[in-house]
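The structure under discussion appears below in the form of structure tokens.
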Amino acid sequence: MNNVIIIGAGPAGLLAAISAKNENNNVIIIEKNERIGKKLFITGKGRCNITNYSNTEDFFSKINTNSKFMYSSIYGYTNFDILELLSNYGLEYKVERGNRVFPKSDKSSDVIKTFKKIIDDLKINIILNEKIDYIEKKDDIFNLYSKNNRYEADYVVIATGGVSYPATGSTGDGYKFAKNFGHTLVETEPSLVPLEIYSDYIKELQGVSLKNVEVSIKNKEKILQSEFGEMIFTHFGVSGPIILKLSNKIEKNRDIDIVIDLKPKLDKETLDNRIIRDFEKYNNKDISNGLKDLLIQKLIPVILKEAKIDENKKVNQITKEERAKLGETIKNLTFKFKSFRPIKDAIITKGGISTKEINPKTMESKIIDNLYFAGEVIDVDAMTGGYNLQVAYSTGYAAGRDINERT
Ligand SMILES: Cc1cc2nc3c(=O)[nH]c(=O)nc-3n(C[C@H](O)[C@H](O)[C@H](O)COP(=O)(O)OP(=O)(O)OC[C@H]3O[C@@H](n4cnc5c(N)ncnc54)[C@H](O)[C@@H]3O)c2cc1C
């Protein structure tokens, strides 16, 4: 009987195990954590954005790096396939804005429980609390070494993840294994990552969460990309869904302005009329009170400083020019990009094992027979919206299916 060892019980490793299993092989998942799917647990803010419900062909425009490499595996195991598998084992799901799919319960733990059910049903063995330190191949057999044990395998899948959020177990071990086997690594960088900014207002703004705003990134007045939605100010700069999305469009060492339109639904004139109405209502109040219907409290002093308006002025003392400047600032609150947060804070690792040395149909190494890669360890990364998990399932499935056919 062939021994198949999958290193890593993340979504890629789980799918590899599930699709590899047949009656003639022995599939073992080895996971260094005390439980499976530790990163999966924190996905989608604990709700797990399982995949995306859009047409499968739309996925490729959402994959930022090596999307062509993903053709075969995504079509071989689609977003609808993973949903069918999970529903067959009782997971109910719902589709939200942007076609993002979540468990109906809003609990990522239910997704993990469902995977566990499938793994148990298929009688796949899981060894927890076991970290593989070294792999070698001798006479067609792989030897996998942990601190106290040696495991033998005919087939190995490396599904150890990237280097983001290392506390979940993804500490780059797979890169080390791959390198020892002669694989090339593409330098890792953070992707979908919060941004540090230069600002005098970091303290004042920390914790301010904005909804329905439009953020643009600009290079020398040229808009590179705009996104509408939610963001938050943090102790270092900015984060939240639209910031993470935009982070992907920023090239290192570029002069970037982050421009927030606080009222994207109001054009310049409509906004001015709105300000005039509020000014009539609060005519005898301080200007900071005059803006309380339009802006959240913590933003008012910042907007006034940026617009160079004395906050002790009365509404009825504000000049037409000052009002115009106010509208201008509300629609263009601008911060200078300083840097990306470190890779450990990134949602996904860009870079990893070069796709040039992996067969895109099977995920098998082109260098070492019977060695496979799956998931984030490979140099593929996608946008937010459930696409990264789909990359993990599809590559995991491709590897497992090939092993299944050969054992
Ligand atoms: C905060 C956050 C939120 C996210 N939300 C979403 C989302 O909602 N939707 C989405 O599509 N994507 C999301 N992602 C991305 C997604 O989680 C990853 O793309 C996905 O988990 C990658 O799967 P993987 O199986 O390749 O790696 P991982 O999930 O990282 O799993 C790798 C496993 O390998 C184990 N391992 C590593 N080295 C060893 C070793 N030497 N021995 C034994 N075991 C080892 C690790 O402990 C780990 O369990 C999110 C990421 C983060 C950080």
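One-based numbering, in listed order, for ligands and for the atoms of each.
For ligand 1, the polar-atom distance check finds no N/O of Val377 at less than 3.5 Å from any of the ligand's N/O atoms. Annotation: Ile347 places no N or O atom under 3.5 Å from an N or O atom of ligand 1; distance criterion only. At least one N/O-N/O distance between Asn49 and ligand 1 falls below 3.5 Å. Checking only distances, Lys38 never comes within under 3.5 Å of ligand 1, N or O to N or O. Distances between N or O atoms of Ala12 and those of ligand 1 include at least one value under 3.5 Å. The shortest N or O to N or O distance between Ile132 and ligand 1 is under 3.5 Å. Backbone and side-chain nitrogen or oxygen atoms of Thr171 are examined, and none is located within less than 3.5 angstrom of a nitrogen or oxygen of ligand 1. An N or O contact shorter than 3.5 Å is missing between Lys131 and ligand 1 by distance. At under 3.5 Å, not a single nitrogen or oxygen of Gln390, backbone or side chain, sits near a nitrogen or oxygen of ligand 1. Residue-to-ligand polar distances place Lys32 within reach of ligand 1: an N/O pair is separated by less than 3.5 Å.
Closest to atom 48 (C) of ligand 1, if we only count protein heavy atoms, is Glu31 OE1, 3.5 Å. Protein heavy atom closest to atom 21 (O) of ligand 1, with residue, atom name and distance, is Lys39 CD, 3.6 Å. In this structure, the protein non-hydrogen atom closest to atom 17 (O) of ligand 1 is Thr43 CG2, 3.3 Å. With hydrogens left out, the protein atom closest to atom 18 (C) of ligand 1 is Glu376 OE1, 3.3 Å, a heavy atom.
Neither the backbone nor the side chain of Thr51 comes within 4.0 Å of ligand 1, counting heavy atoms alone. Looking at Leu40 against ligand 1, nothing comes within 4.0 Å, counting heavy atoms.
Close approach to Gly375 involves these atoms of ligand 1, each under 4.0 Å from a residue heavy atom: 26 (O). Here is the list of ligand 1 atoms found below 4.0 Å of a heavy atom in Gly44: 3 (C), 4 (C), 5 (N), 6 (C), 7 (C), 8 (O). Atom numbering of ligand 1 starts at 1 in the shown order; those under 4.0 Å from a heavy atom of Gly161 are 26 (O), 27 (O), 30 (O), 32 (C). Each of the following atoms of ligand 1 lies closer than 4.0 Å to a heavy atom of Asp173: 38 (N), 39 (C), 40 (C), 41 (N). Counting atoms of ligand 1 from 1 in the listed order, those under 4.0 Å from a heavy atom of Ala392 are 23 (O).
The side-chain hydrogen bond (donor to acceptor under 3.5 Å, both in side chains) test with Asn26 is passed by exactly one of Asn2, Asn125, Asp154: Asn125. A side-chain contact (heavy atoms from CB on, under 4.5 Å) with Ile50 holds for exactly one of Leu86, Leu389, Thr43; it is Leu86. Screening Phe80, Tyr387, Phe102 for a ring-ring contact (aromatic ring centres under 6.0 Å, His included) involving Tyr53 leaves a single residue, Phe80.
The option with the heavy atom closest to atom 32 (C) of ligand 1, from among Ser170, Gly169, Ala159, Gly162, is Ala159.
Here the side chain of Asn273 pairs no donor or acceptor atom with the backbone of Thr270 at under 3.5 angstrom. Under the 3.5 Å distance criterion, the side-chain polar atoms of Ser164 are matched with a main-chain donor or acceptor of Thr349.
Ion pair Arg150/Glu152 flagged as a salt bridge, since at least one NZ, NE, NH1 or NH2 atom sits closer than 4.0 Å to an Asp/Glu carboxylate oxygen. Look at Arg323 and Asp272 and you find a salt bridge, because one of the NZ, NE, NH1 or NH2 atoms lies within 4.0 Å of a carboxylate O, short of that distance. Salt bridge status for Glu204 with Lys305: present, with a side-chain N to carboxylate O gap under 4.0 Å.
A cation-pi arrangement is found for Arg35 relative to Phe41, the charged atom lying closer than 6.0 Å to the ring centre and inside a 45° cone about the ring normal.
Put simply, the side chain of Glu364 reaches to within 4.5 Å of the side chain of Asp369, judged on heavy atoms. You'll find the side chain of Ile260 reaches within 4.5 Å of the side chain of Phe233, heavy atoms only.
How far OG1 of Thr160 is from CZ of Phe177: 6.5 Å, rounded to the nearest 0.5 Å.
Considering every non-hydrogen atom in both His183 and Ser365, the closest pair reads NE2-OG, 2.7 Å.
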